[in-house]
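What follows is a single structure, written as structure tokens, with notes after it.
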Amino acid sequence: MRHIVYNVFLPLGTSLSLARLHALGNGIGKLIWAVLPSRRKETTACMQERLGLDEREARALAKASFQHSACSFLELFHARYMDHRFLEERIEYENPDLFVRMGSTLRPVVGVTGHLGCWELLGGVLKRFNIKTDCQVVARLPKDAALADLLMHMRTQSKIRVLPHREAATEALGKLRSGGLCAFLVDHNCKRAEAQFLPFLGKVAAVNKGPAILALRAKAEVWPFFLIRLPEGRFRAVTLPCLDTATLEGSRAERIEQICRFYTEAVEKMVLRYPEQWFWMHRRWKTRP
């Protein structure tokens with residue numbers, strides 16, 4: 001039954017323009033804000049505490065976050081339609097020299113980003129401007145098998161292959177060691193056994209150390225990359241300076257911590273710049289040391 005429901009949504013979603021997807025996302029975000037008072041209250045309180053805002057400011061940002069997050073999920077339906085014309089007309093590049101370096105390096109690349117801005121559209125940007133012939137995206141999939149199948153289908157594109165995170169380690173490492181690119185969302189909560197505990201927005205959080213371990217074993221460059229939503233259907237691609245894991249010193253545990261700290265601070269920097277575009281509804285600090 002769920003397969004049937006999702007298969008109805010698939011042609012509906014892909015038939016909508018990006019502007020209509022954003023309009024729908026804004027509406028869904030407002031609806032979620034209205035019907036989930038406990039999550040609304042929790043998100044507002046979290047933003048007050050983590051950003052040092054008063055209740056009025058936090059409430060306004062929290063509502064905007066609900067709308068941005070709904071738009072982010074719906075953008076999945078548009079990810080395959082990001083051709084060269086779209087990228088040239090709608091995207092501006094912050095640090096374009098770094099963007100070119102990230103796309104042209106012959107070294108293994110671990111791309112890191114967060115649930116910030118337009119994360120579902122990032123694959124469309126990377127596949128157009130990256131010299132690597134096969135990019136892998138490691139993703140957490142929902143327990144609902146039908147929904148997981150839909151997400152795998154929509155995220156898989158030419159040059160973009162999606163790997164479920166529980167099965168990704170061996171294949172991702174092999175791809176990296178052959179000079180490939182593997183991308184990760186590094187800002188979600190994780191189990192204690194997978195975690196490096198580090199400060200994030202002023203409170204210790206469980207940081208997934210899997211991407212750091214793979215980057216260290218492959219001697220990869222770690223590149224933070226984000227796509228921010230701007231008004232009037234435009235976007236800003238932000239590339240931050242990379243970390244070359246081959247240059248790190250210290251014990252294995254110390255180097256893993258350095259890499260985890262690097263990408264956690266990169267996400268934190270961007271959340272502080274664009275707090276309304278981060279997925280605050282996620283219980284980021286759930287797992288405790």
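For reference, positions follow the sequence shown, starting with 1.
In this structure, OG1 in T43 is found 6.5 Å from CE in M281, a value given to the nearest 0.5 Å. Atom-to-atom distance recorded for L230:CG and R236:CZ is 5.0 Å, nearest 0.5 angstrom. With values rounded to the nearest 0.5 angstrom, E254 atom CD is found 12.0 Å from I259 atom CD1. The distance from atom CG of L24 to atom CZ of R20, rounded to the nearest 0.5 Å, is 11.0 Å.
Judged by distance alone, the side chain of E268 and the main-chain N or O of L201 form a donor-acceptor pair under 3.5 Å. Put simply, the side chain of N95 never gets that close to the backbone of L98: no donor and acceptor are under 3.5 Å apart. The backbone N or O of R288 sits less than 3.5 Å from a side-chain atom of R192, completing a donor-acceptor pair. A donor-acceptor pair under 3.5 Å is formed between the side chain of S178 and the backbone N or O of K175. Listed for the E88 side chain is no donor-acceptor partner under 3.5 Å among the backbone atoms of R85. Side-chain atoms of T245 do not come within 3.5 Å of backbone N or O of E221 as any donor-acceptor pair. Checked by atom type and distance alone, the side chain of Q67 never pairs as donor or acceptor with a backbone atom of G25 at under 3.5 Å. Under the 3.5 Å distance criterion, the side-chain polar atoms of T287 are left unmatched by any main-chain donor or acceptor of A206.
Residues W119 and F235 place their aromatic rings such that the two centres sit no closer than 6.0 Å.
Taking every heavy atom of both residues into account, M47 and L61 meet most closely at CE-CB, 3.4 Å. Shortest non-hydrogen contact noted between V207 and C260 is CG1-CB, 4.1 Å. Here the closest heavy-atom approach between residue W280 and residue P275 is recorded as NE1-O, 2.7 Å. The two atoms that bring H188 and H282 nearest to each other are CA-NE2, 3.5 Å, heavy atoms only. The shortest heavy-atom contact between V204 and P289 is CG1-CG, 3.8 Å. The two atoms that bring N189 and R284 nearest to each other are OD1-O, 3.4 Å, heavy atoms only.
No salt bridge links E249 with R255; every basic N to acidic carboxylate O contact stays at or beyond 4.0 Å. One finds no salt bridge joining D244 and K219 here, because no Lys/Arg side-chain nitrogen approaches an Asp/Glu carboxylate oxygen to under 4.0 Å. Ion pair E94/R273 flagged as a salt bridge, since at least one NZ, NE, NH1 or NH2 atom sits closer than 4.0 Å to an Asp/Glu carboxylate oxygen.
A single hydrophobic cluster is not seen to contain both L87 and V100; linkage of ILVMFWY side chains at heavy-atom distances under 4.5 Å, directly or through other members, places them apart.
Residues that satisfy the salt bridge (Lys or Arg N to Asp or Glu O under 4.0 Å) test with R261, not counting sequence neighbours, are E257. Y81 pairs by the ring-ring contact (aromatic ring centres under 6.0 Å, His included) definition with H78, not counting sequence neighbours. Under the salt bridge (Lys or Arg N to Asp or Glu O under 4.0 Å) criterion, E194 pairs with R140, R166, sequence neighbours left out. Annotation: side-chain contact (heavy atoms from CB on, under 4.5 Å) contacts of R59 (sequence neighbours excluded): W33, R40, T44. Under the rule for a side-chain contact (heavy atoms from CB on, under 4.5 Å), the partners of E42 that lie at least two apart in sequence or sit in another chain are R39, R283.
No hydrogens or angles considered: nothing links the side chains of T239 and R101 as a donor-acceptor pair under 3.5 Å.
Taking the side chain as every heavy atom from C-beta outward, W285 and R50 approach each other to under 4.5 Å.
For the ring-ring contact (aromatic ring centres under 6.0 Å, His included) condition, the pairs that include at least one residue of residues 202-233, sequence neighbours left out, are F99-F225.
Taking the six-membered ring where the residue is Trp, H115 and F279 present tilted rings, their angle falling between 30° and 60°.
Around CD of E55, the count of heavy atoms belonging to other residues, nucleotides or ligands within 6.0 Å does not exceed 12.
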